[in-house]
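Worksheet: one structure, shown below.
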Number of protein chains: 2
Amino acid sequence: MTEALSLEQAAQRLKEQDRILILCHKNPDGDTIGTGAALCKALLALEKEAAVFCSDPIPAMYEYMQIQRYTGQWTPEYIVAVDVAGIQLFGDAAQPYQDRVDLCIDHHATNSGYADATYLDAEAAAAAEIMVRLVDLLGVELTPELADCLYTGIATDTGCFRFSNTGAETHRTAARLMDAGARVSELNTLLFENRSRQRIVAEKIALQNLEYHFDGRCALTFLTREEITLSQVAPEELEDLTSLPRTIEGVDVGITLRQQPGGSYKVSIRTAGAADARVIAQHLGGGGHARAAGCELMGNLDNTKAAVLAEVEREFRRQEQLKQEEQ
Amino acid sequence: MTEALSLEQAAQRLKEQDRILILCHKNPDGDTIGTGAALCKALLALEKEAAVFCSDPIPAMYEYMQIQRYTGQWTPEYIVAVDVAGIQLFGDAAQPYQDRVDLCIDHHATNSGYADATYLDAEAAAAAEIMVRLVDLLGVELTPELADCLYTGIATDTGCFRFSNTGAETHRTAARLMDAGARVSELNTLLFENRSRQRIVAEKIALQNLEYHFDGRCALTFLTREEITLSQVAPEELEDLTSLPRTIEGVDVGITLRQQPGGSYKVSIRTAGAADARVIAQHLGGGGHARAAGCELMGNLDNTKAAVLAEVEREFRRQEQLKQEEQ
């Protein structure tokens, strides 16, 4: 059992500690890095020893945060995890630290409570939204550098204020960060208008492979291993390509199949309207949420397509039945 | 000469009038329609006669605003233009009204001052940002319906808070509209994740035609008349495709060529970094801003490409020279 803290209590504990190691999750995104970097800068401003540890390399695009990385220069006395919902998300290299996390600051409702103490705000759109308040409570000035890191977390986790997790408080926090000097215009260009040439090739292939089913209510695209290799795209760059089929007018279910190095297909299911992505994924041995779910299937492309489309059809029929029952 | 009003004065005049006709600009976007719809609803709440006139059809995606359109049901006594920077932007059907606009509410610094009286705030990211304040001054409650219209204006004019016109005040206004009940999540899906199947085809062709020049510092794509016809895409849906080449990593100048029905090529120039789009466009007989400019060229595809690329090269050389002079 983890001890549930108020944010004031969390701030108090941080003030009392020194030699603080900040852990981010593996495959780091803008929120875990931005939040970790901001906390680190705030603690350094309080003249403490502090540094950030992530088991994976920090993507080059986040270089502007000038993160103080932990390189064993001192022995950690207090360990804080930011934006990490469960112990399995730390990654292998974090093994020496993952079982002795003193404090976890997170916004995932699914947080497993692995830390000794936790501050959880599942209403926050991003961990960075919490960190803005924590910086205040630490009595540290919100400098332009801190504001850049925190804006990065909020903007990336909300798809630049487009996703449904965006709340009024998210916008108010963004306003505050702009007032504090965040370079929002430059950051938006860097974060949201910066696709690699490889990614552009992969997108072209995905559009070439796009097909419609069930009177256009389902759009499906795929990338074979050969196509992924040909495009030279990094796997993580394909992540947000999975939203493409769903964003087409009239499409209720968008499917993206990505062949993995071992030959299996990773199936990403995105839905709008009544269709439930989780129901489709569960029938195929996977899981997720109503709007976004997934599974992994062995077999060739034709078999995989057929299996997925059969479940999409079943879900459409289920929804029609539910609608009839309501009437 | 137009009379410059404060927003309080503008509100006062509206309160004193009845039978108010609201004019939007032609090729209407979310801001002119959202602002016009909100003003109309506010005036109706004050029990005035009011209706909206636009010389072009209102796109079906904006149907949720349930706009009260003007159909000649009464004779206008007071005419208000919203988000219209110049008289040429009203469109042919607005001719009976365009020369007798009593009040203009706008956020374009380039507003020509065609109206008898004008409230201009060039700092506002959208006309809707001004309208939120005007609704307050009119003493009308910010209902969820009004908030939907006003959020639409702000979100569409800022590319969902991504463009450089987004200010702290823009985010504060968005927070206020969410508090008032704007259905932000549904609106974002409708406004930003809703590309037509035709548009998807056009995007595929644009990616297939994409080419890189000058070590990848310039990306150029084109759509011939034949390709546009083949895709069946509506010309207005191709507008935001012009930002595609510029969003590729390492690209300083993005060029999009769209062949027009008469055979000429519309050239869209988008820049990042030091390159100046306006300088390139001006050498080709066009104009615009530093980040976005354009021109129209007669000639076949090869000639057009060669002419544009020569000017891109000239601009790269000019920038290098400027840089050397600085050192």
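Chain A is the first sequence line, chain B the second, and so forth, proteins listed ahead of strands; every chain is numbered from 1. Keep in mind that this is a model prediction, so the values were computed, not measured.
- A salt bridge does not link A:E249 with B:R197: none of the charged nitrogens is closer than 4.0 Å to a carboxylate oxygen.
- In this pair, B:Y151 and A:H171 present their aromatic rings perpendicular. The plane angle is above 60°, beyond the 30 to 60° band.
- Looking only at heavy-atom pairs under 4.5 Å with chain B, the residue among A:A175, A:G167, A:A155, A:S164 that has the most is A:A175.
- Atoms CZ and OG1, from B:R195 and A:T247 in turn, are 4.0 Å apart once rounded to the nearest 0.5 Å.
- Your options are A:F192, A:F163, A:F161, and the one with the most heavy-atom pairs under 4.5 Å with chain B is A:F161.
- Looking at B:T170, there are no atoms closer than 4.5 Å to chain A (heavy atoms on both sides), in backbone or side chain.
- Of the listed residues B:M61, B:E186, B:E193, the one with more heavy-atom pairs under 4.5 angstrom with chain A than any other is B:E193.
- The backbone N or O of B:G250 lies less than 3.5 Å from no partner atom in the side chain of A:N194, so there is not a single donor-acceptor pair.
- The two residues A:S196 and B:I248 come nearest to each other via the heavy atoms C-CG2, 4.3 Å.
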Checklist entry - Could you go step by step and tell me if A:R162 and B:V184 meet the side chain to side chain contact (heavy atoms under 4.5 Å, CB included) rule? => result CA-CA 8 Å; A:R162 199 159 43 77; B:V184 161; over 6 Å; no
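- Between chain B and the residues A:I200, A:L187, A:L244, the most heavy-atom pairs under 4.5 angstrom are made by A:I200.
- Between chain A and the options B:R199, B:R176, B:M178, B:R246, the largest number of non-hydrogen pairs under 4.5 Å is found for B:M178.
- Interface remark: B:E203 contributes backbone and side-chain atoms alike to the contact with chain A (heavy atom separation under 4.5 Å).
- The distance from the CD1 atom of B:I205 to the CD atom of A:Q208 is 10.5 Å, given to the nearest 0.5 Å.
- Residues of residues 210-232 of chain B lying under 4.5 angstrom from chain A, judged on non-hydrogen atoms, are B:L210, B:Y212, B:G216 by number.
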